[in-house]
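First the proteins, then the strands, lettered A, B, ... as listed; each starts at 1. In what follows, every heavy atom counts, from backbone to side chain, and hydrogens, waters and symmetry copies are set aside.
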Protein chains: 2
Amino acid sequence: MPVTLKDIARQTGVSVSTVSRVLSGDKAISVQTQKNVRKAAKKMGYRVNTVARSLKMNRTYTVGFVCPEITNEFFMKIAKGVEQELKQSGYSVIICTSNENVEDEARSLRILREKCVDGMIIIPCSNEGKHIKELCGDSCPVVLADRLVDDLKTDAVLVNNEAASFALVDGLIKKGKKRIAFLGGNELITSAKERFSGYLKALKENNITVEPDLIRFGDFYLQSGYDIMKDFCEMENPPKEFFISNYFMQVGAERYLQEHQKNKEDELTIVGFDNMDASPLFRFTERTAVQPMVAIGTEAARLLRRRIEGDKESFPLISRFDVDWNVNN
Amino acid sequence: MPVTLKDIARQTGVSVSTVSRVLSGDKAISVQTQKNVRKAAKKMGYRVNTVARSLKMNRTYTVGFVCPEITNEFFMKIAKGVEQELKQSGYSVIICTSNENVEDEARSLRILREKCVDGMIIIPCSNEGKHIKELCGDSCPVVLADRLVDDLKTDAVLVNNEAASFALVDGLIKKGKKRIAFLGGNELITSAKERFSGYLKALKENNITVEPDLIRFGDFYLQSGYDIMKDFCEMENPPKEFFISNYFMQVGAERYLQEHQKNKEDELTIVGFDNMDASPLFRFTERTAVQPMVAIGTEAARLLRRRIEGDKESFPLISRFDVDWNVNN
DNA sequence: AAAGTTTATGCAATCGTTTGCATAAAGTGA
DNA sequence: TCACTTTATGCAAACGATTGCATAAACTTT
């Protein structure tokens with residue numbers, strides 16, 4: 001059985017309230033009593049029961065982090081920022097996954113509410129926001145990360161997707177490439193949409209006609225990158241330049257190319273989003289947009305903490321980070 | 001303010017106990033009352049306060065998952081197994097990172113204890129187990145994953161590291177390769193040690209003399225793979241075959257080779273641990289050991305749940321998964 | 001109709017904290 | 001010495017749920 005305030009009180013001959021006051025640093029307690037209590041607490045191995053404290057204080061110092069997939073390096077970089085930042089202020093993070101599925105997402109939110117988290121950071125898996133509005137709200141602030149959602153007025157931390165994909169595609173065009181295929185993410189997701197707009201904008205500003213056959217949407221996962229690259233390569237007149245909307249689709253696409261013995265002599269060029277540890281090893285990937293992933297998490301966490309602490313200023317706040325694009329190989 | 005049992009009781013004219021009984025499915029309550037209560041609960045949007053429940057029941061249905069680094073795909077695959085499995089039985093998972101640092105690990109354990117988690121799954125960052133023994137114990141079961149720790153009698157879920165690295169190295173030798181360099185992980189960590197034993201065993205069984213110059217230990221992270229590969233390549237008589245102890249060191253090593261314009265003609269061959277999504281894209285990596293990462297997590301979670309529910313059978317239980325080794329490219 | 005049984009519900013304690021208010025003791029000032 | 005502050009501490013309620021025990025009402029049984 002764990003030691004409680006009561007045990008210390010009994011041991012030192014003072015009341016529970018006095019013990020509580022000493023341990024929470026109340027200066028009104030006499031120095032002698034403080035010493036006694038602290039000594040006893042230490043000797044007996046006391047550790048607060050934050051469950052009881054939370055009940056009384058109506059604050060759990062726990063926040064929820066909901067993302068579509070926990071093994072996703074991109075999401076976990078964001079999670080890292082969140083965890084790092086919040087740990088400093090004494091919060092813990094419960095991680096839930098939605099498995100790219102709105103019902104699971106809603107289930108996670110419900111559980112988190114029942115656990116009385118002080119707030120949540122959500123990377124939504126769709127553009128559906130109803131369940132979030134329903135389950136969260138004033139007593140449980142929400143910050144979205146990486147993606148927005150329809151019909152939901154809340155804070156969000158995003159990146160400048162359109163500008164980055166514009167720059168990448170524009171860069172290719174400026175090098176004389178005109179037939180650039182587009183491998184998109186899940187069309188329902190704002191980041192996918194924004195990256196597509198950037199692509200379109202680059203074509204438009206350079207007076208290039210959009211070829212609908214060169215535009216395909218997947219789901220941001222490996223297999224869809226593989227499949228779409230396959231389809232493109234099997235066209236009668238295959239494109240040689242590609243914009244791929246995220247890292248995982250790049251892995252899939254590069255794997256297709258690898259398996260089919262393409263090599264540099266084919267002069268294929270890929271640009272796209274996300275630079276991960278293994279990106280420099282990709283054969284055809286020339287430039288990638290480098291999102292400040294950890295910083296997104298850190299920023300979302302800071303914002304959430306402010307909201308938890310009652311700051312209502314300029315709500316809802318949508319902040320966007322700029323994206324770097326670097327030469328890869 | 002959230003709705004409480006009291007509110008429902010007031011609304012329906014019964015006592016709090018009756019409401020509690022209805023909502024926890026007690027059949028002794030009259031059908032009519034059940035209906036009334038359920039209806040009111042639904043209409044008022046009642047949601048249990050698990051903080052209060054936890055305090056009373058002395059069970060939080062929350063477990064801690066402590067790992068060295070949250071952005072590590074390998075650890076997160078294990079975490080996925082854990083989360084998936086435990087979610088089914090109504091548990092949530094708090095993720096903490098130790099940043100490969102014993103003090104941080106101890107801090108995390110302390111916080112988790114204060115949050116009254118029902119148990120923990122730990123991927124320890126060193127071979128130090130004192131702080132775990134101190135902070136956990138009977139009232140808070142612990143299952144280790146992937147690595148063991150000195151002086152700590154507790155359950156663990158591991159893989160058969162030695163057998164796998166033996167097989168990989170032996171395979172190279174059987175193909176006539178005799179000078180196989182070893183790029184090790186953090187020597188303090190059991191998995192690194194076991195992989196090293198497998199390497200030594202393969203040399204020994206094939207009567208190959210160990211060349212100390214061909215053995216180097218890093219820390220399981222990218223940079224160390226890069227640095228050690230560099231050192232090897234700069235030897236006057238560089239080895240051409242390599243055993244690399246995990247994925248991240250492989251990425252580092254491959255990046256070094258890539259940057260230094262090595263290509264297939266050099267006939268370099270890498271074998272080693274972990275097969276990730278991007279592994280097939282690595283130029284020199286020929287075979288990799290495929291650990292059942294998600295299954296490790298699932299198994300650890302099952303074991304932990306059993307311990308939480310009071311099963312003391314065959315404690316401590318160390319289970320080891322077999323490892324596959326597959327052709328890579 | 002009395003005694004016994006069953007059914008449905010309420011009372012009140014409890015989990016471990018925190019905190020407003022009361023109060024006793026000690027100290028201060030004239 | 002008396003009134004008045006100040007200082008140190010305790011009492012008890014509260015947070016929101018669960019549950020053993022008590023009990024009133026409704027049925028059985030003979």
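If you walk DNA chain D from 5' to 3' and mark each nucleotide with an atom closer than 4.0 Å to a heavy atom of chain A, the marks span D:dA8 to D:dG16.
Between A:I122 and A:V143 the shortest side-chain heavy-atom distance does not fall below 4.5 Å.
Between the side chains of B:N36 and B:T12, not a single donor N or O lies within less than 3.5 Å of an accepting N or O. Judged by distance alone, the side chains of A:S139 and A:R113 do bring a donor and an acceptor atom under 3.5 Å apart.
Atoms CG and NZ, from A:D150 and A:K133 in turn, are 10.0 Å apart once rounded to the nearest 0.5 Å. Here B:N127 contributes atom CG and B:R147 contributes atom CZ; the two are 11.0 Å apart, rounded to the nearest 0.5 Å.
C:dC11 atom C1' lies 10 Å from atom CZ of B:R21, rounded to whole Å. Summarising the geometry, the separation between CE on B:M57 and P on C:dA13 is reported as 21 Å, rounded to the nearest angstrom. Going from atom CG of A:N58 over to atom P of C:dT19 covers 12 Å, rounded to whole Å.
Within the 4.0 angstrom heavy-atom criterion, base atoms lie near A:S17. Backbone-only engagement by B:V14 is indicated by non-hydrogen atom pairs under 4.0 Å involving sugar-phosphate atoms exclusively. Using a 4.0 Å heavy-atom criterion, one finds that B:S54 contacts no nucleic acid atom at all. Base engagement by A:S20 is indicated by at least one non-hydrogen atom pair under 4.0 Å involving a base atom.
Applying the side chain to side chain donor-acceptor pair (under 3.5 Å) test to residues at least two apart or on different chains, the pairs with a partner in residues 37-58 of chain B are B:Q34-B:R38.
No donor-acceptor contact under 3.5 Å links the side chain of A:R47 to the base of C:dG16. Within 3.5 Å, no donor on the side chain of A:K56 pairs with an acceptor on the base of C:dT17, nor the reverse.
Between B:C96 and A:E83, the closest heavy-atom pair is CA-OE2, 3.4 Å. The heavy-atom pair separating B:A9 from B:S15 by the smallest distance is CB-C, 3.8 Å.
Residue whose closest nucleotide on DNA chain C sits further toward the 5' end, between B:L55 and A:T18: B:L55.
Remark: of the listed residues B:I123, B:L112, B:I121, B:L112 is the sole one forming a side-chain contact (heavy atoms from CB on, under 4.5 Å) with B:V66.
Direction of the helix axis in the helix from C:dA1-D:dT30 to C:dA30-D:dT1 shifts by 50° between the two five-pair termini, rounded to 10°.
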